[in-house]
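Before any comments, here is the structure.
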Amino acid sequence: MIRHTFHASLLAAGLLLAAMPPAQAQQSFKLTAAGGHPPVFLWVKLLDEFFIPEVDRRLAAAGGKVKVEWTKAWGGTLIKLGAESKGIADGVADVGFVGTIFEAARFPMQNVSYFTPFGSDNIATVTGIVADLQARIPAMGDAWTKNGLVYLGGAALDSYHIWTNFPIRSVDDLKGKKISAPGPAANWIRDTGAVAVAGSLNTYYEDIKSGVSNGAIVFSTGAWGAKLHEVAPHITKVNFGAMYAGGIAINKRRFDALPPEVQAVFREVGAEYSQRFAAAQAGAASALLAKMQEGGAKIAELSPAERKRWADTLPAVAKTWAADLQSKGAPGNEVLSGYIDGLKKAGTQLPRDWSAN
């Protein structure tokens, strides 16, 4: 009787287990995050310390059905600076920060802020306007997908000013001076009487110290890292504006293979990354300017009238840039007017309307 009952119990337990739905196995994805810069730079630091752990946290909070196994490769150990978009698109890495300022050939329209100086110093404003333009202008947004990427969130550098070894009270003080102003920033001193000198954050200090140049146009967080105030103690707050620098991108094939709910988490965290970056970068810029002043730098602010005079001195660099894009079949005029309209709607007082002249 006992044996009969035992067998009956086993049979009942077996039937119950058979009727239960199978336990859902956890899905695991292996992703490699990489960057050309080391985490000392905020755009990589937040990718490492906020974006990745926040994605993990939200996936776990959603039930942990999906888990990402991350591999990290920063500082150019896997993909080099300026080659991030290709490296991610080719699958060398899956996620990373793509600096559009270093990849102008692939992302020409994303560099609109560099051709419209004297804009907004609000990092969030500049980042938001570019994100809006990418969403509204197909050709601009498609720059990411055409390069095999999905855009998740962006970042802009804090406002550019000028560090010199001589005081600047007016645009006339630039005459005969040599200023390190690489790439599009060279346009910001055209027709002022100054001569643009090519260089980078890695060369500015020695160039100024040795007399190759008399100063550099740069953003505050970069100037602090390069210790420019030691050789160029005159900081003139010209406010050329915050400049859009690039964004987090993920390999499109890998992204498309992710479940929709995971894609949503990546996009949501990417949007929050943009907000956090803007606040942190702005705070760092103010704090570092104060430190440079404590270290002996003399900070002066260019008057609104002189700032307008400087802007009006420059040739129509934005219209030339837009016309060049138009000649290549890209909507340069639409991007330019859209960007300027975005600045105006945000309440930016522009000394010059680049879309008009």
Side-chain angles (χ1 to χ4, degrees), residues 35-51 74-75 81 97 99 101-102 113-114 117-127 153-168 179-185 188-189 199-209 213-247 273-302 307 348:
H37 283 109
V40 67
F41 291 96
L42 186 60
W43 46 92
V44 178
K45 182 181 175 69
L46 278 185
L47 179 56
D48 183 30
E49 297 181 4
F50 166 71
F51 182 87
W74 311 126
L81 181 63
F97 188 88
I101 58 173
F102 300 112
S113 60
Y114 279 93
F118 301 96
S120 174
D121 62 356
N122 189 303
I123 296 170
T125 294
V126 170
T127 308
L157 300 173
D158 50 284
S159 188
Y160 280 63
H161 302 297
I162 187 166
W163 275 251
T164 52
N165 55 16
F166 63 96
I168 297 176
I179 305 296
S180 294
W188 306 349
I189 58 169
S200 69
L201 281 171
N202 295 331
T203 66
Y204 292 161
Y205 187 98
E206 286 302 323
D207 285 348
I208 297 169
K209 185 178 178 181
S213 69
N214 302 111
I217 293 175
V218 68
F219 50 104
S220 300
T221 52
W224 170 260
K227 299 181 179 179
L228 287 193
H229 62 288
E230 294 181 359
V231 289
H234 295 278
I235 303 172
T236 307
K237 294 179 73 175
V238 178
N239 185 16
F240 289 106
M243 299 289 155
Y244 180 80
Y273 167 95
S274 295
Q275 297 169 0
R276 285 179 176 245
F277 181 91
Q281 187 80 347
S286 297
L288 294 177
L289 271 174
K291 281 191 174 185
M292 284 184 261
Q293 191 168 30
E294 290 169 9
K298 296 172 180 150
I299 300 177
E301 189 155 359
L302 205 66
R307 186 168 178 259
T348 307

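The side-chain heavy atoms of Ile101 and Met243, taken from C-beta on, include no pair separated by under 4.5 Å. Taking 4.5 Å as the limit, some side-chain heavy atom of Tyr204 sits within range of a side-chain heavy atom of Pro182. Side-chain atoms of Asn165 and Val231, non-hydrogen and from C-beta on, never get closer than 4.5 Å to each other. The closest side-chain heavy-atom distance from Trp74 to Phe97 is not below 4.5 Å. Residues Ser220 and Trp163 form a side-chain contact, since some pair of their non-hydrogen atoms from C-beta on lies under 4.5 Å apart. Taking 4.5 Å as the limit, every side-chain heavy atom of Val218 sits out of range of all side-chain heavy atoms of His161. Contact annotation: the side chain of Pro167 never approaches that of Lys298 to less than 4.5 Å [non-hydrogen atoms, C-beta and beyond]. Counting heavy atoms from C-beta on, the side chains of His234 and Ile168 never come closer than 4.5 Å.
Smallest separation of non-hydrogen atoms from Ala155 and Tyr244: O-CD1, 3.7 Å. Across every non-hydrogen atom of Ala216 and Leu228, the tightest pair is CB-CD1, 4.2 Å. Taking all atoms of both residues into account, the shortest heavy-atom contact from Thr125 to Asn122 is N-OD1, 2.9 Å. Listed here is the closest heavy atom pair of Ala181 and Ile217: CB-CD1, 4.1 Å. Shown here for Ser180 and Ser213, the closest heavy-atom pair between the two residues is OG-OG, 3.0 Å. Nearest heavy-atom pair across Gly241 and Ser159 is N-OG, 3.1 Å.
Distance check: Phe51 CZ to Arg276 CZ gives 12.5 Å after rounding to the nearest 0.5 Å. Expressed to the nearest 0.5 Å, how far NZ of Lys209 lies from CD of Glu230 amounts to 9.0 Å. Distance check, rounded to the nearest 0.5 Å: CG of Leu302 to OG1 of Thr236 gives 7.0 Å. Rounded to the nearest 0.5 Å, atoms CG (Leu42) and CG (Asp48) are 11.5 Å apart.
For Phe219, the side-chain contact (heavy atoms from CB on, under 4.5 Å) partners two or more places apart in sequence, or in a different chain, are Leu157, Asp158, Tyr160, Leu201, Thr221.
Aromatic ring centres of Phe240 and Phe118 lie closer together than 6.0 Å.
Counting only distance, with no hydrogens or angles, the side chain of Thr127 and the backbone of Ile123 share a donor-acceptor pair below 3.5 Å. Under the 3.5 Å distance criterion, the side-chain polar atoms of Arg307 are matched with a main-chain donor or acceptor of Val238. A donor-acceptor pair is defined here as one N or O able to donate and one able to accept, closer than 3.5 Å; such a pair exists between the side chain of Thr203 and the backbone of Ser200.
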>> Applying side chain to side chain donor-acceptor pair (under 3.5 Å) to Asn214 and Thr164, what does each step give before you reach the verdict?
In response: CA-CA 6 Å; Asn214 302 111; Thr164 52; over 6 Å; no
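Ring geometry, His37 versus Trp43: the interplanar angle exceeds 60°, so the pair is classed perpendicular (tilted spans 30 to 60°).
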